[in-house]
Amino acid sequence: MKFVKIAAVGMVCAILAVSPLYGGAASQIDFDYNCDGRVDSFDLITARKNEEISRAELNALQKFVLGVNGKAPTEFEIPDLPIDEDCILEPKGTVHTGEGTFYGGGYTGGHAMLDPVSHDYWIVAMNHYDYNEAQLAGAYLEVTGESGTIKMLVTDELPEGKKGDLDLYTDAFPLIAPVEKGRVPVSWKIIPLDTAENAPICFKYKEGSTEFWCGVQVRNHRYPITKLEYLNADGEFVEIPRRPYNYFESRDMGAGPFTFRITDIYGQVVIDKDIPLSYDDTEIIQGHVQFPE
């Protein structure tokens, strides 16, 4: 594959030896679009601004940064911690039913604030009751209608929908039902996020985060998140309040680095240590752990 360079730095990048962020694999792939000697999320941001870079190249870069297709960016743990039964939402594989409609939003500006959402995914807005104050933000669903089944990422909320209802992205709706029907019966269940198979949980900080106030979002979780806690100076885990727009916010966390305890909707618990505070709201910070199947 030929990788297009940004014109202003093309000659410099061509001679720069990449010092990979994720081990030896990066040195074999010319993904250093911002020419800083590293391959990370900032290269993805730079590449998206360059109209000469193809969708295929963007997808390849994104998969490399996320550690998809067997290229794990770091070793990560699948811990064996006790189940927090108070956090269990439902048994794995629970099937929900409702009505499906369609709309044209969700890749940017969705209520779950997961921008930028990859066009590798079909996206869907979830009714207010199941979305449950962002509890199912970022959930990966298997959605079935009369014409077929597709996988979809929850990136937005459907405030007017009844429990079980979904609002599918316009181009996805015809894959499950005839578009002229407009509103159809659907069933859906939560499935493991595919990018979590070979990559750890990630973190993103909200714009304006400092040691005095911080908003943090958990990403690339195998299953939806119920609870996020940080370890305070007294050695106690403190729960961080969650906002409906999918950020956990606190005035008490300090400057970091942080130890987070994260619990998913099945009560599975992971602890991730040494997560730095970032003032850059575009940076995606790799964690060290992932939820079990």
Side-chain angles (χ1 to χ4, degrees), residues 20-26 28-29 31 39-41 43-44 55-81 83 87-95 107 112 114-124 126 135-144 149-155 172 188-204 217-228 246 260-273 275 283-293:
L21 179 63
Y22 301 141
Q28 302 169 20
I29 303 177
F31 278 153
V39 177
D40 55 22
S41 58
D43 293 291
L44 185 59
R55 174 63 56 79
E57 290 173 19
L58 286 175
N59 288 344
L61 173 59
Q62 176 172 290
K63 289 177 179 179
F64 179 79
V65 171
L66 292 177
V68 182
N69 293 341
K71 301 183 182 68
T74 185
E75 294 295 326
F76 62 91
E77 301 175 7
I78 304 293
D80 184 17
L81 295 175
I83 297 295
C87 289
I88 297 176
L89 174 67
E90 61 188 28
K92 290 182 181 179
T94 297
V95 176
Y107 281 104
L114 294 173
D115 298 7
V117 178
S118 169
H119 284 262
D120 289 342
Y121 290 106
W122 293 120
I123 58 172
V124 64
M126 176 173 283
Q135 184 181 39
L136 292 193
Y140 201 35
L141 308 182
E142 187 175 87
V143 182
T144 301
T149 298
I150 58 174
K151 297 176 181 179
M152 309 197 76
L153 188 69
V154 177
T155 64
W188 55 272
K189 64 180 180 181
I190 297 169
I191 60 175
L193 181 66
D194 56 355
T195 56
E197 180 179 354
N198 294 313
I201 286 171
C202 299
F203 302 90
K204 180 180 182 294
Q217 184 181 84
V218 186
R219 293 193 175 195
N220 203 53
H221 37 78
R222 194 185 302 270
Y223 297 111
I225 301 301
T226 289
K227 184 165 61 174
L228 178 66
N246 194 31
F260 290 123
R261 184 165 68 183
I262 314 158
T263 309
D264 72 10
I265 62 170
Y266 303 120
Q268 300 178 137
V269 179
V270 295
I271 294 177
D272 213 342
K273 301 178 181 179
I275 305 301
E283 183 179 10
I284 306 298
I285 298 172
Q286 299 285 336
H288 312 93
V289 298
Q290 186 56 263
F291 288 105
E293 288 275 3

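For this chain, numbers begin at 1 and follow the sequence in order.
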Q | By side chain to side chain contact (heavy atoms under 4.5 Å, CB included) - contacts of L89 (at least two apart) | A | Q135, L136, I265
**Q.** Minimal non-hydrogen separation, V154 against A112, with atom names
**A.** O-CB, 4.3 Å
Q) Can you name the nearest heavy-atom pair linking R261 to I271, along with the distance? A) CG-CG1, 4.0 Å
Q: I would like to know whether W188 and M152 meet side chain to side chain contact (heavy atoms under 4.5 Å, CB included); could you show each step before the answer?
A: CA-CA 10 Å; W188 55 272; M152 309 197 76; over 6 Å; no
Q.
Please enumerate all residues that pass side chain to side chain contact (heavy atoms under 4.5 Å, CB included) together with I88, with sequence neighbours excluded.
A. I83, E85
Q. Going through the checks in order, is the side chain to side chain contact (heavy atoms under 4.5 Å, CB included) test met by L114 and K204?
A. CA-CA 10 Å; L114 294 173; K204 180 180 182 294; over 6 Å; no
Q) What are the two closest non-hydrogen atoms of Q286 and P200, and how far apart are they? A) OE1-CG, 3.6 Å
Q.
Quick check: do T155 and V124 have side-chain heavy atoms less than 4.5 Å from each other?
A. no
Q. Can you tell me how far the OG1 atom of T226 sits from the NE2 atom of H221, to the nearest 0.5 Å?
A. 10.5 Å
Q: Would you please name every residue forming a ring-ring contact (aromatic ring centres under 6.0 Å, His included) with Y140, sequence neighbours left out?
A: Y121
Q) side chain to side chain donor-acceptor pair (under 3.5 Å) with R222: which of E197, E293, Q290, Q268? A) E293
**Q.** Under the salt bridge (charged side-chain N to carboxylate O under 4.0 Å, His left out) test, residues paired with R219 that sit two or more places apart
**A.** none
**Q.** Between CD1 on residue I262 and SG on residue C87, distance to nearest 0.5 Å
**A.** 12.5 Å
Q.
For a quick test of reading the model, state the closest non-hydrogen atom pair linking D115 to Y107 and the distance between them.
A. OD1-O, 3.7 Å
Q) Can you tell me how far the CD1 atom of I150 sits from the CD atom of E142, to the nearest 0.5 Å? A) 10.5 Å
Q. Who pairs with K273 by salt bridge (charged side-chain N to carboxylate O under 4.0 Å, His left out), at least two apart in sequence or on another chain?
A. none
**Q.** W122 versus K151, closest heavy-atom pair with distance
**A.** CB-O, 3.6 Å
Q | Non-neighbouring partners of F260 that pass ring-ring contact (aromatic ring centres under 6.0 Å, His included), sequence neighbours left out | A | F203, F258
(Q) Can you tell me how the ring of Y266 sits relative to the ring of Y223, calling it parallel under 30°, perpendicular over 60° and tilted otherwise? (A) perpendicular
Q: Take L193 and F291 through the side chain to side chain contact (heavy atoms under 4.5 Å, CB included) test and state the conclusion after the steps.
A: CA-CA 11 Å; L193 181 66; F291 288 105; over 6 Å; no
Q) Do I123 and V117 come close enough that some side-chain heavy atom pair is under 4.5 Å? A) yes
Q | Which atom of A199 lies closest to which atom of N220, heavy atoms considered | A | O-ND2, 3.5 Å
Q. In Å and rounded to the nearest 0.5 Å, what is the CG to CD1 distance from D264 to I201?
A. 8.5 Å
Q. Can you list the steps and then say if K189 with I191 is a side chain to side chain contact (heavy atoms under 4.5 Å, CB included)?
A. CA-CA 6 Å; K189 64 180 180 181; I191 60 175; 4.3 Å; yes
